[in-house]
Number of protein chains: 2
Amino acid sequence: MEKGQQRITSSDVAQASGVSRATVSYVLNNDPRQSIPEETRKRVIREAEKLGYRPFTPARILRAGHSQIVLAVLPFEQVDPGLALGLKELEARLVEHGFTLISYVGVQQLATKIHPSANVTPGVIVSYGDETDPAIASFLQQFQVPILPGMNNQGMQQLVGKTQVDYLLRHSQRQIVFAAPERQDVQFLVQARLKGVLQGCSEHGLEPAPVFVVPASRPAARTAIREFLTHQPSPYGICCYNDEVAFAVLAALIDEGISIPATAAVIGCDDIPLAQFSIPALTTMYFDRQQSLDPLVENIMAASRGEPTRQVPPASLKLIVRDSA
Amino acid sequence: MEKGQQRITSSDVAQASGVSRATVSYVLNNDPRQSIPEETRKRVIREAEKLGYRPFTPARILRAGHSQIVLAVLPFEQVDPGLALGLKELEARLVEHGFTLISYVGVQQLATKIHPSANVTPGVIVSYGDETDPAIASFLQQFQVPILPGMNNQGMQQLVGKTQVDYLLRHSQRQIVFAAPERQDVQFLVQARLKGVLQGCSEHGLEPAPVFVVPASRPAARTAIREFLTHQPSPYGICCYNDEVAFAVLAALIDEGISIPATAAVIGCDDIPLAQFSIPALTTMYFDRQQSLDPLVENIMAASRGEPTRQVPPASLKLIVRDSA
DNA sequence: CGGGCTTACTTACACGTGTAAGTAAGCCCG
DNA sequence: CGGGCTTACTTACACGTGTAAGTAAGCCCG
């Protein structure tokens with residue numbers, strides 16, 4: 001099976017349809033500069049299908065000098081569900097244009113000599129990492145292809161923080177707290193988020209919100225939150241970095257017997273599928289990336305042609321009100 | 001910038017080091033059949049680094065006829081956290097051997113003419129889908145490369161089901177219930193899991209467990225579980241397809257005021273990061289894929305060379321006891 | 001009725017690799 | 001001292017594409 005199976009090339013199709021390889025290529029690529037009678041066209045297409053011909057991508061890329069592959073670089077340990085959904089939508093759009101989206105998730109080996117993605121040849125890179133990080137920048141540059149910013153940049157994070165504060169203070173005055181995760185990989189986003197929270201506090205004439213770093217284990221989270229809240233005046237309004245942090249905060253509060261949302265109101269971010277099943281059900285928000293998707297796709301197409309790109313308008317934020325705030 | 005930047009090829013390195021392109025290739029690929037003096041070797045390597053030369057992968061693939069790319073095909077709408085972790089580990093191993101792991105997540109477009117992954121050229125495919133599904137099989141075969149089964153096959157699912165039942169019945173007699181998700185993409189795994197649960201029931205001399213399909217929204221889940229449980233004798237032992245289903249079940253039970261684990265014991269699968277933060281904390285299990293990782297990597301390497309592959313031993317199952325069962 | 005134009009192709013090249021086959025110089029050894 | 005062997009390379013080819021340039025036949029039109 002390994003010896004016998006030869007790759008089917010355009011030469012095979014050419015031979016089968018009694019024309020040259022060039023004609024096959026012109027037909028299958030629909031070259032408008034050639035005049036090829038319908039009869040020949042049909043014959044070539046039929047033979048190509050009969051033989052199950054599929055052009056060999058590496059040869060195509062070699063010839064063209066660039067690929068139709070888009071590499072999304074996600075320098076996080078894991079990809080948040082909201083982002084995963086956005087990538088899925090992006091992929092669907094790109095497919096329509098004949099492009100393939102590949103994701104690289106991970107941050108550890110960015111500086112390694114032999115990188116995990118060394119074998120892929122993207123035509124465009126979409127970067128979701130910290131744009132100001134020189135390590136990431138130099139890693140991306142070695143691909144020698146255009147680099148575009150992805151959709152969850154720092155500006156968007158800031159908007160979330162401000163919106164969370166606005167919502168928590170809508171009905172009553174509360175001590176705002178920012179709950180941050182321990183994980184290091186998203187700290188550049190955490191910082192941007194905090195900036196938004198602080199901006200919200202300042203606009204409401206409040207002192208800057210203190211930061212509560214949520215421990216990764218449940219017992220630790222419980223003792224930490226008890227310790228932390230004794231130094232703050234109740235009622236509390238807790239802005240969580242994302243829904244996962246919010247789950248940890250909710251569990252810690254419940255373990256401590258603190259009533260939600262009366263004494264402590266909790267708001268998350270992302271609206272992960274599990275968000276509706278927390279106790280109590282989580283109030284959260286998510287980005288509607290729909291309207292920023294088209295411009296991003298446009299930019300990717302433009303960049304792959306070597307054309308300049310435009311500014312992508314920010315996604316709009318949707319609030320999901322449930323029981324936790 | 002687009003015009004000016006030329007690709008750096010081995011010709012450039014050859015010219016800079018005053019040798020032929022062949023010599024450059026022999027040096028950089030460490031061809032043991034050539035005798036090249038250390039001096040020349042050093043010079044070539046130095047020039048290659050100075051110029052920032054990186055071999056152009058498509059040309060390599062074209063020459064070799066096959067790539068070092070491993071494509072993991074995951075025919076699910078989303079990838080479970082446990083599986084994501086396993087893939088991350090697999091990637092790390094493959095990198096050591098110079099291979100690149102690419103994942104394709106998604107099931108909708110499998111049958112589409114122009115497939116999302118049309119632009120990538122894997123050397124080996126690792127399939128996590130239903131091995132008996134002809135649509136998946138024909139899709140995979142068109143890549144014309146060896147296909148290996150991934151790590152979450154039906155046999156492993158069955159083991160989970162049986163282990164869940166064993167645990168739930170360890171201390172007291174309970175009415176076993178199987179909680180399945182609505183999502184269609186994992187039904188082949190759901191069925192395998194159910195088979196394991198039923199096997200467990202039969203071994204304990206019980207009637208076959210009824211199946212509770214958990215609705216996707218919290219209010220619907222609540223009414224559905226009330227309706228469902230009135231026809232069953234308590235106490236219940238609920239085997240959940242995964243931790244996400246378990247979260248929905250826990251919320252529905254709490255909304256109904258049913259005590260956990262006294263009246264209803266709940267056990268999940270995957271041990272997702274959030275599992276410890278459910279109310280009450282979720283008892284669950286996960287696969288320790290560590291010892292099946294090496295054989296899988298071995299198989300991938302063998303398959304890419306066209307050699308036969310061996311049977312991969314099943315991963316071992318680890319129980320995480322918390323408060324829900 | 002012949003020169004130019006259209007039609008319907010084909011021939012030839014280049015993209016960047018890896019490697020088999022060739023080669024020139026130097027050395028060894030009977 | 002010359003034939004064979006080693007060293008240190010180079011020359012040449014093939015992988016499968018896409019497309020510019022070439023070409024032969026047919027047609028039109030002054």
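Rounded to the nearest 0.5 Å, atoms CD1 (B:Ile125) and CZ (B:Phe139) are 7.0 Å apart.
Side chains of A:Ser103 and A:Leu87 form a contact here, defined as non-hydrogen atoms less than 4.5 Å apart. Contact check for A:Arg54 versus B:Phe143: side-chain heavy atoms found under the 4.5 Å cut-off.
Among the protein residues, B:Thr40 comes within range of the sugar-phosphate backbone only, with heavy atoms under 4.0 Å from sugar or phosphate atoms but none that close to a base. No contact: B:Pro58 has no heavy atom under 4.0 Å from any strand.
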Under 3.5 Å, which N/O atoms of the protein pair with N/O atoms of nucleotides 18-21 of chain C?
{"from": "C:dG18", "atom 1": "OP1", "to": "B:Asn29", "atom 2": "ND2", "distance (Å)": "3.3"}
{"from": "C:dG18", "atom 1": "OP1", "to": "B:Arg60", "atom 2": "NE", "distance (Å)": "2.7"}
{"from": "C:dG18", "atom 1": "OP1", "to": "B:Arg60", "atom 2": "NH2", "distance (Å)": "3.1"}
{"from": "C:dG18", "atom 1": "OP2", "to": "B:Ser25", "atom 2": "OG", "distance (Å)": "3.2"}
{"from": "C:dG18", "atom 1": "OP2", "to": "B:Asn29", "atom 2": "ND2", "distance (Å)": "3.3"}
{"from": "C:dG18", "atom 1": "O6", "to": "B:Arg21", "atom 2": "NH2", "distance (Å)": "2.5"}
{"from": "C:dG18", "atom 1": "N2", "to": "B:Arg63", "atom 2": "NH1", "distance (Å)": "2.7"}
{"from": "C:dG18", "atom 1": "N3", "to": "B:Arg63", "atom 2": "NH1", "distance (Å)": "2.0"}
{"from": "C:dT19", "atom 1": "O4'", "to": "B:Arg63", "atom 2": "NH1", "distance (Å)": "3.4"}
{"from": "C:dA20", "atom 1": "OP2", "to": "B:Arg33", "atom 2": "NH1", "distance (Å)": "3.4"}
{"from": "C:dA20", "atom 1": "N7", "to": "B:Tyr26", "atom 2": "OH", "distance (Å)": "3.1"}
{"from": "C:dA20", "atom 1": "N6", "to": "B:Tyr26", "atom 2": "OH", "distance (Å)": "3.1"}

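Between the CZ atom of A:Arg41 and the C1' atom of C:dT7 there is a distance of 13 Å, given to the nearest Å. Rounded to whole Å, atom C1' of D:dA14 lies 13 Å from atom CD of A:Gln6. For the pair B:Glu39 CD and D:dA8 C1', the computed distance is 12 Å after rounding to whole Å. With rounding to whole Å, B:Ile61 atom CD1 is found 14 Å from C:dC15 atom C1'. When rounded to the nearest whole Å, the span between CZ of B:Arg7 and C1' of C:dT17 equals 12 Å. Look at CD1 on B:Ile8: it is 10 Å from P on C:dT17, rounded to the nearest Å. Taking atom CZ of residue A:Phe56 and atom C1' of nucleotide C:dT17, one finds them 13 Å apart after rounding to whole Å. Between the P atom of D:dA14 and the CG atom of A:Leu62 lies a distance of 16 Å, rounded to the nearest Å.
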Please tabulate, for side-chain N and O atoms in residues 12-24 of chain B, each donor-acceptor pair with protein atoms closer than 3.5 Å (sequence neighbours left out).
{"from": "B:Asp12", "atom 1": "OD2", "to": "B:Thr9", "atom 2": "N", "distance (Å)": "2.9"}
{"from": "B:Ser17", "atom 1": "OG", "to": "B:Val13", "atom 2": "O", "distance (Å)": "2.4"}
{"from": "B:Ser20", "atom 1": "OG", "to": "B:Ala22", "atom 2": "N", "distance (Å)": "3.4"}
{"from": "B:Ser20", "atom 1": "OG", "to": "B:Thr23", "atom 2": "N", "distance (Å)": "3.4"}
{"from": "B:Ser20", "atom 1": "OG", "to": "B:Thr23", "atom 2": "OG1", "distance (Å)": "3.3"}
{"from": "B:Arg21", "atom 1": "NH1", "to": "B:Ser10", "atom 2": "OG", "distance (Å)": "3.4"}

Below 3.5 Å, can you tabulate the donor-acceptor pairs from side chains in residues 26-33 of chain B to any protein atom, sequence neighbours excluded?
{"from": "B:Asn29", "atom 1": "OD1", "to": "B:Arg60", "atom 2": "NH2", "distance (Å)": "3.0"}
{"from": "B:Asn29", "atom 1": "ND2", "to": "B:Ser25", "atom 2": "O", "distance (Å)": "3.3"}
{"from": "B:Asn29", "atom 1": "ND2", "to": "B:Ser25", "atom 2": "OG", "distance (Å)": "3.3"}
{"from": "B:Asn30", "atom 1": "OD1", "to": "B:Arg41", "atom 2": "NH1", "distance (Å)": "3.4"}
{"from": "B:Asp31", "atom 1": "OD1", "to": "B:Arg33", "atom 2": "N", "distance (Å)": "2.8"}
{"from": "B:Asp31", "atom 1": "OD1", "to": "B:Arg33", "atom 2": "NE", "distance (Å)": "3.2"}
{"from": "B:Asp31", "atom 1": "OD2", "to": "B:Arg33", "atom 2": "NH2", "distance (Å)": "3.1"}

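A donor-acceptor pair under 3.5 Å is formed between the side chain of B:Ser67 and the backbone N or O of B:Thr121.
Residue A:Ser20 has a polar side-chain atom (N or O) positioned under 4.0 Å from OP1 or OP2 of C:dT10.
Ion pairing between A:Glu49 and A:Arg46 fails under the 4.0 Å rule for side-chain N and carboxylate O.
With sequence neighbours excluded, no residue satisfies salt bridge (Lys or Arg N to Asp or Glu O under 4.0 Å) with A:Glu298. Under the salt bridge (Lys or Arg N to Asp or Glu O under 4.0 Å) criterion, A:Arg183 pairs with A:Asp80, A:Asp185, not counting sequence neighbours.
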Paired and unpaired positions of DNA chain C as dot-bracket, Watson-Crick or G-U wobble under 3.5 Å, | denoting a partner strand:
||||||||||||||||||||||||||||||

